[in-house]
Colleague: 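Before I ask anything, here is the structure I am working with.
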Amino acid sequence: MHPNDPSLRSFVEVAADSDFPIQNLPYGVISTQDDRRLRVAVAIGDHVLDLGMMEDAGLLPRVSAKPVFRTGSINALMANGAYGIGTVRRKISELLRHDSPTLRDNEALAKRALIPMKNVKLHRPVDVPGYTDFYSSREHATNVGTMFRGKDNALQENWLHIPIGYNGRASTVVVSGTPVIRPQGQLKAAGESMPTFGPSKRLDIELEMGAIVGRATEMGHIMDVDEAQYSIFGFALFNDWSARDIQQWEYVPLGPFQGKAFASTLGAWIVTKEALEPFAVHGPKQDPEPLPYLRQDKPHNYDIRLEVELKPANATRGTIISVSNFKYMYWSSAQQLAHHSSSGCSMSVGDLIGSGTISGPDKGSYGSMLELSWGGKEPIELVEGGTRTFLEDGDTVTLRGYAQGDGYRIGFGEASGQILPAKVK
Ligand code: MN
């Protein structure tokens, strides 16, 4: 049976609203208290299946001469072209099925290889050689443009022709749960004649999805949109933290730099493109028609519901400050990647392509606090009282997301981070 078949069931118990049914099988990297070695795992319900152990037991197909699940990341798996639905995903799906005795009836192995999620430490699943961030939500670009330049000049002349992007910092891509130290930098408020140096006062989030490149290309090789789509291994939640005040002073003329370099939080689970196939949808109509190298006729957007929770340090409950959807993106990840290669720029296994902030059409669906508070002028109400315009020390922001299937959901877990005070000397 196809690993995406909605009727599949696992012998591992999975709640109806779990992010991780047998149809998902996202890849992550784990360690445990009694075994600190890193190994690749898939999530299933409230458990993870240790693929290092399954590989040792000889139960997984060998995708290369060397083992791939004890290398500390999913890069070796990706580099061997064992893309999700390939032999590995099919085999894992088989092993976890309710009617498959191999693992189910091997009590000793099942007990060791199926580990409660609460007992594992999740590590960054991907070695990220390069990180590129885009600016591809029309609603987000229009909102920010309206605030910065006025309604009539909101979208720059090139925006409808080019998936606009910049090269971000791969060194600070961290896994969900890693604290984020408030960045410091040059600040220059309107009306001040000289900049000062200090902690950001306008620390923000960006609700994004990260596409993981699973296939290397040579310098000079140009991918069309179909090849770019083929080269994407999977997707994860992604919070591209941004210091708006640092950004605003530094971004002319070369774009964002330190205002976005201090941290970017990647979800711990990489959901394969194959698991998301049933949720592929067409994006918004593109008018004017893109240049030929950017044209796509297949559906390369995904219907993934996304939400952002903000929880102050002393709060018992968080506030959902935004509910959005990945399907709103004007430029697809495939178009972004095709454009990225259009100059002859090479790609590496593990490269991270940030979608850009995902904002929907109405105010409750904006993907940044800059937009939700409209530049700080309309404070966001919190459920336990108090308000926010930008983030305060101690705040925890958690992104969540899932695609809803018939009786199951393909979820992403979470991408979470707490703001720690700036390290002022
Ligand atoms: Mn961004």
Side-chain angles (χ1 to χ4, degrees), residues 135 137 139-155 180-208 239-252 255-265 307-315 318-324 356-399 417-422 424:
Y135 187 58
S137 152
E139 290 82 358
H140 172 70
T142 303
N143 287 338
V144 174
T146 301
M147 277 183 259
F148 284 35
R149 288 181 298 276
K151 221 179 171 109
D152 296 333
N153 301 303
L155 280 190
V180 173
I181 298 164
R182 179 177 297 272
Q184 300 182 79
Q186 284 202 24
L187 315 168
K188 185 175 168 298
E192 287 174 3
S193 58
M194 290 288 282
T196 55
F197 185 89
S200 168
K201 298 184 184 83
R202 287 162 74 92
L203 182 53
D204 197 357
I205 57 152
E206 289 191 336
L207 169 63
E208 302 197 19
N239 183 353
D240 183 35
W241 307 91
S242 297
R244 300 301 178 192
D245 38 11
I246 298 172
Q247 182 185 351
Q248 190 157 11
W249 169 232
E250 75 179 359
Y251 88 102
V252 181
F257 186 41
Q258 294 304 294
K260 286 160 177 283
F262 56 94
S264 309
T265 298
E307 66 174 41
V308 182
E309 183 194 272
L310 192 163
K311 188 166 176 284
N314 55 2
T319 301
I320 303 299
I321 60 171
S322 176
V323 177
S324 188
T357 307
I358 302 164
S359 287
D362 46 64
K363 185 161 179 175
S365 63
Y366 294 166
S368 68
M369 295 174 77
L370 178 70
E371 294 163 271
L372 291 164
S373 74
W374 207 254
K377 284 185 239 156
E378 299 167 19
I380 304 158
E381 308 271 342
L382 302 179
V383 287
E384 293 184 338
T387 60
R388 284 292 181 279
T389 50
F390 294 95
L391 294 169
E392 295 186 7
D393 291 345
D395 286 354
T396 297
V397 176
T398 304
L399 314 184
Q418 183 176 31
I419 304 301
L420 301 186
V424 181

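No hydrogens, no waters, no symmetry mates; every other heavy atom, side chains included, goes into these values.
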Colleague: Can you name the closest pair of heavy atoms from S264 and D240 and give their distance?
Modeller: OG-OD1, 3.4 Å
Colleague: In chain order, what residues pass the salt bridge (Lys or Arg N to Asp or Glu O under 4.0 Å) check against E384, with sequence neighbours excluded?
Modeller: none
Colleague: Okay, side chain of S368, backbone of E206: is any donor-acceptor separation there less than 3.5 Å?
Modeller: no
Colleague: Between V180 and F262, is the side chain to side chain contact (heavy atoms under 4.5 Å, CB included) condition met? List the steps.
Modeller: CA-CA 8 Å; V180 173; F262 56 94; 4.0 Å; yes
Colleague: For N153, which residues count as a side-chain hydrogen bond (donor to acceptor under 3.5 Å, both in side chains) partner, sequence neighbours excluded?
Modeller: none
Colleague: Please collect all salt bridge (Lys or Arg N to Asp or Glu O under 4.0 Å) contacts where either partner lies in residues 139-151, sequence neighbours excluded, each pair once.
Modeller: none
Colleague: How many angstroms lie between CZ in F390 and CD1 in I419, if you round to the nearest 0.5 Å?
Modeller: 13.0 Å
Colleague: For the CG atom of L382 and the CG atom of D395, what is their distance to the nearest 0.5 Å?
Modeller: 8.0 Å
Colleague: Side-chain donor-acceptor contacts of residues 191-203 below 3.5 Å, not counting sequence neighbours, with atom names and distances?
Modeller:
residue, atom, partner, partner atom, Å
E192, OE1, A189, N, 3.3
S200, OG, R202, N, 3.2
S200, OG, D245, OD1, 2.8

Colleague: Are side-chain heavy atoms of E208 and T357 found at a separation under 4.5 Å?
Modeller: yes
Colleague: Is the backbone N or O of V323 less than 3.5 Å from a side-chain atom of E307, with the two atoms forming a donor-acceptor pair by type?
Modeller: no
Colleague: Indicate the atoms forming the closest heavy-atom contact of G259 with E250, along with that distance.
Modeller: N-OE2, 2.9 Å
Colleague: Are side-chain heavy atoms of S242 and K260 found at a separation under 4.5 Å?
Modeller: yes
Colleague: Do the rings of W374 and Y366 sit parallel, tilted or perpendicular, given the 30° and 60° boundaries?
Modeller: tilted
Colleague: Which residues pass the side-chain hydrogen bond (donor to acceptor under 3.5 Å, both in side chains) test with T396, not counting sequence neighbours?
Modeller: none
Colleague: Applying salt bridge (Lys or Arg N to Asp or Glu O under 4.0 Å) as the test, list every pair that has at least one member in residues 364-378; sequence neighbours left out.
Modeller: K363-E378
Colleague: Looking only at heavy atoms, which two atoms of A141 and L155 are closest? And how far apart?
Modeller: CB-CD2, 3.7 Å
Colleague: With a 4.5 Å limit on heavy-atom distance, are the side chains of P312 and E392 in contact?
Modeller: no
Colleague: About how many Å separate CG of L399 and CG of N239, when rounded to the nearest 0.5 Å?
Modeller: 4.5 Å
Colleague: What pairs with Q186 under side-chain hydrogen bond (donor to acceptor under 3.5 Å, both in side chains), at least two apart in sequence or on another chain?
Modeller: W249
Colleague: To the nearest 0.5 Å, what is the distance between CZ (R244) and OG (S373)?
Modeller: 10.0 Å
Colleague: Please find the pair of heavy atoms, one from V383 and one from T319, that lie closest to each other, and give the distance.
Modeller: N-OG1, 2.9 Å
Colleague: Show the numbers, then the answer: is there a side chain to side chain contact (heavy atoms under 4.5 Å, CB included) between I246 and L187?
Modeller: CA-CA 6 Å; I246 298 172; L187 315 168; 3.7 Å; yes
Colleague: List for me each residue that meets side-chain contact (heavy atoms from CB on, under 4.5 Å) alongside P379, sequence neighbours excluded, and say none if there are none.
Modeller: T387, T389
Colleague: Can you name the closest pair of heavy atoms from T146 and A154 and give their distance?
Modeller: OG1-CB, 3.5 Å
Colleague: Between D393 and L420, which heavy-atom pair has the shortest distance, and what is it?
Modeller: OD1-O, 3.9 Å
Colleague: Please identify each residue that fulfils salt bridge (Lys or Arg N to Asp or Glu O under 4.0 Å) with E309, with sequence neighbours left out.
Modeller: R400
Colleague: Kindly write out the residues that satisfy side-chain hydrogen bond (donor to acceptor under 3.5 Å, both in side chains) with S365, not counting sequence neighbours, or none if the list is empty.
Modeller: D362
Colleague: Rounded to the nearest 0.5 Å, how far apart are CD1 of I205 and CG of L310?
Modeller: 8.0 Å
Colleague: How many angstroms lie between atom CG of L391 and atom CE of M369, to the nearest 0.5 angstrom?
Modeller: 4.5 Å
